Structures are given as C-alpha cells and as structure tokens.
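Note that the structure is a prediction, hence the values are computed from the model and not measured. Within every chain, numbering begins at 1; the chains are lettered A, B, ... in the order of the sequence lines, protein sequences first and strands thereafter.
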Amino acid sequence: MRVTKKIKQEQLAILERLYRGAKPELVFGNAFELLIAVILSAQCTDKRVNVTTARLFQKAATPEAILALGLAQLEEEIRDCGLFRNKAKNIMAACQMLCEQYGGEVPADFEALQSLPGVGRKTANVVMSVAFHQPAIAVDTHVFRIANRLKLATGKTPLEVEHGLQKAIPREKWSDAHHWLIWHGRKICKARKPLCTECPLAPVCPSSEPA
DNA sequence: ATCCCGAGGG
DNA sequence: CCCTCTGGAT
C-alpha cells in the first residue's frame, strides 16, 4: 500500500474518532508535579506513578521540599516505579537546578526543560504540550512504532519521526494526536502482537496483517 | 516471558 | 549506536 497524503488524512480521521478526548492518565496539579510524574513514568505504568506521586507530593510537592527530603528518602518514595536510583538522582539534580537557576519554577521553555537532568526530548515535549499548552508531539515508544507502521511518518530515530508527524498533522492537533497514537499503541497496535483483525485502521494501514 | 508514554553514559 | 538501569503488571 502506498500511503499518500490522502491516506494519512484518513488515518488521522479514524484515530481522532477512536480516541477523541484522550488525555494523559497521569495525575498532576501543576507543571512541577507533571514534570516529576513524567520522569517517573519511564518503564512504569501511569497507574503506578499516580500511586507513587500521591504519596510523594503529600510529603514534598516542590523542588525545595524534595531537596530537603534527601536522596535516600526519595529513592524509597519512588522505588516501586522502577529505575529508581537513576530517577531519584536525576530528580534531585533537576530540583537543584530549578531552585538555583529558575527560581524554583518549571521553565516554560523547551531548551531549558531539556537541559534538566533526566529530562530528554520526549519529557520536555510532554511538559510543553500538557502543562504549557504549546503545540508539541512527544515521540515515545508507542508513537514511534505506530507512526512507522502506518507510515504516517517514518524514520530511524524519534526525532525524525517527530518532524515527519509535524508535517503530516495540522499544528493545532499535534498535542491531541500524540495521545491518539499512545492509546492506539496501548489498546490495539501493540508492540508484539498487534490486533490487526480488530483494528479500524487496517484498511488504511500498510503494515496490517490478516489473521 | 514480555512489556510499560526514556535518558544518560560508554 | 548499544548498553544499562528497575519493579510491577499481565
């Protein structure tokens, strides 16, 4: 199947219809809480992150408070999210930078966000999009896989796919489309055994395989 | 067994 | 570019 511009538009229309109103499952009250939640969400379910952050933010919900908590205590708080030593170290360093360079506030700036320890391109895009309502497409493992399978945007790296998606999707829908692709990846277009037979996009998907 | 909304280091 | 870090869910 050759995926023309027209087919891409059909793919997006179906995704929008399927996942309209999809939003992040992560619970947060402000940009800082979202930032921490997204860092914790790597290799961890959102539900688990929500349990952890509810407990954590009760004790420490600002960069200052988390610094005061100390590394060892933070590790204990976030242990069951996985990768906890790396995440704790990065969060501590990020909080220190937020306090020293950004007045204790999360900067609404992509480059500044990405310069924080533990914050890469994907996390910075999520924060810009969800907390600051800027058009952005965060390319995580799902978005990368689905975009390539649909040939909505192809590429060997998340950055290439991000740029491809920016061309294929109208700017005002970037943030929403990110969530459509996530949910499609979770529910149907799974990494190992995609459920092609029950996928509404099968007729417009070059990777769809019949049962 | 296999996957979960990654990032940093070698 | 590949490796490592990690517990929980299914």
(request) Look at the side-chain N and O atoms of A:Arg48 and state whether any lies under 4.0 Å from the OP1 or OP2 oxygen of C:dA9. (result) yes
(message) Rounding to an integer number of Å, can you tell me how far A:Phe84 CZ sits from B:dG6 P?
(response) 19 Å
(request) Answer yes or no: does a side-chain N or O of A:Arg186 lie under 4.0 Å from OP1 or OP2 of B:dC4? (result) no
(request) Report the residue (A:Lys47 or A:Gln43) whose heavy-atom-nearest nucleotide on DNA chain C is the more 5′ of the two. (result) A:Gln43
(message) From the set C:dC5, B:dC5, B:dG8, return the single nucleotide nearest to any side-chain atom of A:Asn86.
(response) C:dC5
(request) From the options A:Thr53, A:Asp80, A:Leu40, select the one residue that forms a side-chain contact (heavy atoms from CB on, under 4.5 Å) with A:Arg48. (result) A:Asp80
(request) Check whether any side-chain heavy atom of A:Leu116 sits under 4.5 Å from a side-chain heavy atom of A:Leu35, and report yes or no. (result) yes
(message) If I pick the C1' atom on B:dC4 and the same atom on C:dT6, what distance separates them, to the nearest angstrom?
(response) 11 Å
(request) Give the rounded distance in Å between these two atoms: CZ of A:Arg85 and P of C:dT6. (result) 4 Å
(message) Without decimals, in angstroms, what is the distance between A:Asp46 CG and B:dC4 C1'?
(response) 9 Å
(message) How about CD on A:Glu172, more than 12 heavy atoms from neighbouring residues, nucleotides or ligands closer than 6.0 Å, or not?
(response) yes
(request) Using a cut-off of strictly less than 4.0 Å, decide whether A:Thr123 has a side-chain nitrogen or oxygen near OP1 or OP2 of B:dA7. (result) yes
(message) Students often get this wrong, so: under 4.0 angstrom with heavy atoms, is A:Asp80 touching a base, only sugar-phosphate, or nothing?
(response) sugar-phosphate
(message) Here's a test for you: under side-chain contact (heavy atoms from CB on, under 4.5 Å), which of A:Asn148, A:Ile146, A:Thr141 qualifies with A:Phe144?
(response) A:Asn148
(message) I'd like to know if A:Lys89 pairs up with A:Glu75 as an ion pair, taking the criterion as any Lys NZ or Arg NE/NH1/NH2 lying under 4.0 Å from an Asp or Glu carboxylate oxygen.
(response) no
(message) Go nucleotide by nucleotide along DNA chain B from the 5' end; which of A:Lys193 and A:Gly118 gets its closest nucleotide reached first?
(response) A:Lys193
(request) Could you tell me whether A:Pro24 contacts a base, only the sugar-phosphate backbone, or nothing, with contacts defined as non-hydrogen atoms closer than 4.0 Å? (result) base
(request) Return the value, rounded to whole Å, for the distance between atom CG of A:Leu116 and atom C1' of B:dG8. (result) 14 Å
(request) Tell me which nucleotide among B:dC5, B:dG8, B:dG6 gets nearest to the side chain of A:Asn90. (result) B:dG8
(message) What is the separation between atom CD1 on A:Ile78 and atom C1' on B:dA7, rounded to the nearest whole Å?
(response) 14 Å
(request) Look at all strands and tell whether A:Val119 reaches a base, only sugar-phosphate, or nothing, counting heavy atoms closer than 4.0 Å. (result) sugar-phosphate
(request) Using atom CG of A:Leu181 as one end and atom P of B:dC5 as the other, report the distance to the nearest whole Å. (result) 14 Å
(request) Answer yes or no: does a side-chain N or O of A:His142 lie under 4.0 Å from OP1 or OP2 of B:dC4? (result) yes
(message) Among B:dC5, B:dC4, B:dG6, which nucleotide has an atom closest to any side-chain atom of A:Arg145?
(response) B:dC4
(message) I'd like to know whether CD of A:Gln101 has more than 12 heavy-atom contacts from other residues, nucleotides or ligands below 6.0 angstrom.
(response) yes
(message) I need the CZ-C1' distance between A:Arg121 and B:dG8, as an integer number of Å.
(response) 17 Å
(message) Nearest whole Å is fine: how far is B:dA7 P from A:Met92 CE?
(response) 20 Å
